[in-house]
Amino acid sequence: MSATPSPGLELSLAQARSIAVAAAFPPGDRLDVPAMLGHLHAVQLDSISVLARAHQLTLATRIPHTTTRDVDAALNSASPPTAFVYPAHALSLVPLTDWPLWAFRRRHTRTRPQYPDPGQRAALLARIRADGPLPLRSLRTEEPTTTGWGWGPTKTALEFMVWAGDLACTRYTAGQRLFDLPERCIPHPLLSDDLNDDTCLTRLLEHVAKTLGVGTVDDFADYLRIRPATAARLLPDTALTPVAVQGWSSAWAHPSALARPEAARREPVFLGPFDNLIWHRPRVQRLFGFTQVFEAYKPAARREHGYYVCPLLADGRLVARADLASTSAGLTIHQASFEPHAGPEAASRFASACHTLATTTGTDRITVQADAADPHTSAALRKALR
């Protein structure tokens, strides 16, 4: 184990914030879906579609002139596939080329008590080998569960077989993942568990650093869902640079992020609630002084900001948030609020981001609910949107 070197560079909080935003939103008009997925290395999936799917928002907001439909068209038409589904953070799209780096998690999964027994594994593998890639509904033998988030025995077995690398998911049908044999959908040169755990994690930590730009041990650990102690042990063995950030504990930065520390000026944009930049709430608070919450799973009466709340990123700061939905009226603003530091241009930035998001989600109409905000803010928003 290497000793942690002393920080060689001091960064102000404003510099760290600029580095983080620049890393999360790399510049360039030639970026496409595979390239952006390759930069982020994991794009979270979620079933809520009140506005759009989580992965669609994350990718489309980073690629100029791209709609949510464009994202799925690019993912579903690629041959060979661009990504596989894996619990890299939460359940995520992961670039196909990263398959060898998750060998450490595949090995660990095979030791977990939920990993199905040999008989159940053999039966599922035989069915898929004979009938081709199949969705859960074709493989399930028991009645579907109706108790909230319960999985049932077949879904549990399939998920853990995916996590262990016995199965892989690279395609969808009717919105459902297709479970397939890895040798049929992962290119043979990638289909390996040869890398040891430390090699896998060291390379992944270096990937994460390109996406975060700068972060603490906890930030890196959260991105990969590994123990902070593991990240702390391995970070000194990476190519990363230790830095001191105002008000933070020890931090690390990628050399390429330090070489271009200024975020390119970009138009205001709403971030989906599962966006990579806001995954780790303590980091969001440290960087932006912004309290990130997700309240969709709370009872309606207990929600402060709304159901599907998207923070507004403008000029490198999180300045507002809005509960947004795609409805028959177009993009609908159910609720909106501004941060104290939002400034006098907040309404115009909010409106600009709304127009961009409307185009991204395939509409040209924007509706502000009558009680979306206090009367003064609602009036300002309607004026700006006109």
Side-chain angles (χ1 to χ4, degrees), residues 32-45 55 59 71-112 114-116 118 120-136 138-139 154-204 206-208 211 223-226:
D32 58 15
V33 169
M36 187 54 66
L37 178 61
H39 174 73
L40 296 172
H41 288 280
V43 172
Q44 189 169 341
L45 297 165
H55 69 282
L59 291 165
V71 169
D72 279 354
L75 291 170
N76 294 331
S77 65
S79 182
T82 300
F84 65 102
V85 177
Y86 198 71
H89 178 70
L91 199 65
S92 304
L93 290 173
V94 179
L96 211 64
T97 50
D98 282 0
W99 177 276
L101 302 183
W102 292 95
F104 81 96
R105 186 154 292 164
R106 292 194 288 271
R107 282 190 286 267
H108 174 68
T109 298
R110 295 171 200 138
T111 69
R112 295 180 62 177
Q114 300 94 331
Y115 186 50
Q120 189 176 19
R121 295 201 308 272
L124 288 167
L125 289 170
R127 174 76 191 284
I128 292 168
R129 186 175 291 110
D131 296 346
L134 293 171
L136 169 63
S138 299
L139 292 162
T154 302
K155 180 172 173 58
T156 299
L158 289 169
E159 295 294 352
F160 277 86
M161 290 175 72
V162 167
W163 298 358
D166 302 322
L167 297 172
C169 299
T170 63
R171 298 292 190 194
Y172 287 81
T173 181
Q176 284 211 347
R177 280 179 289 157
L178 293 175
F179 295 89
D180 200 359
L181 305 179
E183 57 267 29
R184 292 200 298 219
C185 59
I186 306 296
H188 181 72
L190 299 174
L191 201 59
S192 169
D193 279 2
D194 290 345
L195 298 178
N196 64 40
D197 288 7
D198 282 4
T199 300
C200 291
L201 286 163
T202 299
R203 293 185 188 178
L204 285 169
E206 291 177 346
H207 288 337
V208 171
T211 305
Y223 204 98
L224 298 173
R225 295 291 169 90
I226 62 175

CA sep, side-chain torsions, deciding dist, call: Phe104, Leu195, side-chain contact (heavy atoms from CB on, under 4.5 Å): CA-CA 8 Å; Phe104 81 96; Leu195 298 178; over 6 Å; no
Could you give the distance from CG (Leu204) to CG (Leu101), rounded to the nearest 0.5 Å? 4.5 Å
Would you find a donor on one side and an acceptor on the other, under 3.5 Å apart, between the side chain of His55 and the backbone of Leu45? no
Rounded to the nearest 0.5 Å, the SG atom of Cys200 sits from the CG atom of Asp194 at a distance of 10.0 Å
Start with the C-alpha gap between Val85 and Val162, add the side-chain angles, then the distance that decides, and say whether side-chain contact (heavy atoms from CB on, under 4.5 Å) holds. CA-CA 8 Å; Val85 177; Val162 167; 5.8 Å; no
Would a 4.5 Å heavy-atom cut-off, applied to side chains only, mark Asp166 and Tyr115 as touching? yes
Rounded to the nearest 0.5 Å, the NE2 atom of His89 sits from the CZ atom of Arg225 at a distance of 3.5 Å
Nearest 0.5 Å, please: how far is OG1 in Thr170 from CG in Leu178? 8.0 Å
Are any of the side-chain heavy atoms of Pro81 and Arg171 separated by less than 4.5 Å? yes
side-chain contact (heavy atoms from CB on, under 4.5 Å) for Leu40 and Val43? Distances and angles first, verdict last. CA-CA 7 Å; Leu40 296 172; Val43 172; 3.7 Å; yes
Minimum heavy-atom distance Ala157-Gln120, with the two atoms named: CB-NE2, 3.4 Å
Do Arg106 and Tyr86 touch side chain to side chain, with heavy atoms closer than 4.5 Å? yes
Under 3.5 Å, side chain of Thr202 to main-chain N/O of Asp198, donor-acceptor pair present? yes
Do you know which two heavy atoms are closest between Leu59 and Val33, and how far apart they sit? CD1-CG1, 4.2 Å
Looking at Ser138, is its backbone amide N or carbonyl O close enough to the side chain of Arg127 to form a donor-acceptor pair, meaning the two atoms are under 3.5 Å apart? yes
Side-chain donor/acceptor pairs under 3.5 Å, residues 90-99, sequence neighbours excluded:
residue	atom	partner	partner atom	Å
Ser92	OG	Ala90	O	2.7
Asp98	OD2	His41	ND1	2.7

When rounded to the nearest 0.5 angstrom, what distance separates NE2 in His108 from CD1 in Ile226? 12.5 Å
Arg112 and Trp163, any side-chain heavy atoms less than 4.5 Å apart: yes
Test side chain to side chain donor-acceptor pair (under 3.5 Å) applied to Asp180 - qualifying residues, sequence neighbours left out: Arg184
Any side-chain heavy atom of Leu136 within less than 4.5 Å of one from Arg177? no
Side chain to side chain, Leu139 and Ile128, heavy atoms closer than 4.5 Å: yes
Just wondering, are more than 12 heavy atoms of other shown residues or ligands nearer than 6.0 Å to CZ in Arg203? no
So do Leu158 and Phe179 actually touch side chain to side chain, heavy atoms under 4.5 Å? yes
side-chain contact (heavy atoms from CB on, under 4.5 Å) assessment of Phe160 paired with Leu167: CA-CA 9 Å; Phe160 277 86; Leu167 297 172; over 6 Å; no
Mind checking whether Met161 and Leu124 have side chains closer than 4.5 Å, heavy atoms only? yes
Salt bridge (Lys or Arg N to Asp or Glu O under 4.0 Å) assessment of Arg107 paired with Asp197: CA-CA 9 Å; Arg107 282 190 286 267; Asp197 288 7; 2.7 Å; yes
Distance in Å, Cys185 SG paired with Leu191 CG, rounded so as to fall on 0.5 Å steps: 8.5 Å
So, Thr109 side chain and Arg105 main chain: donor-acceptor pair closer than 3.5 Å or not? yes
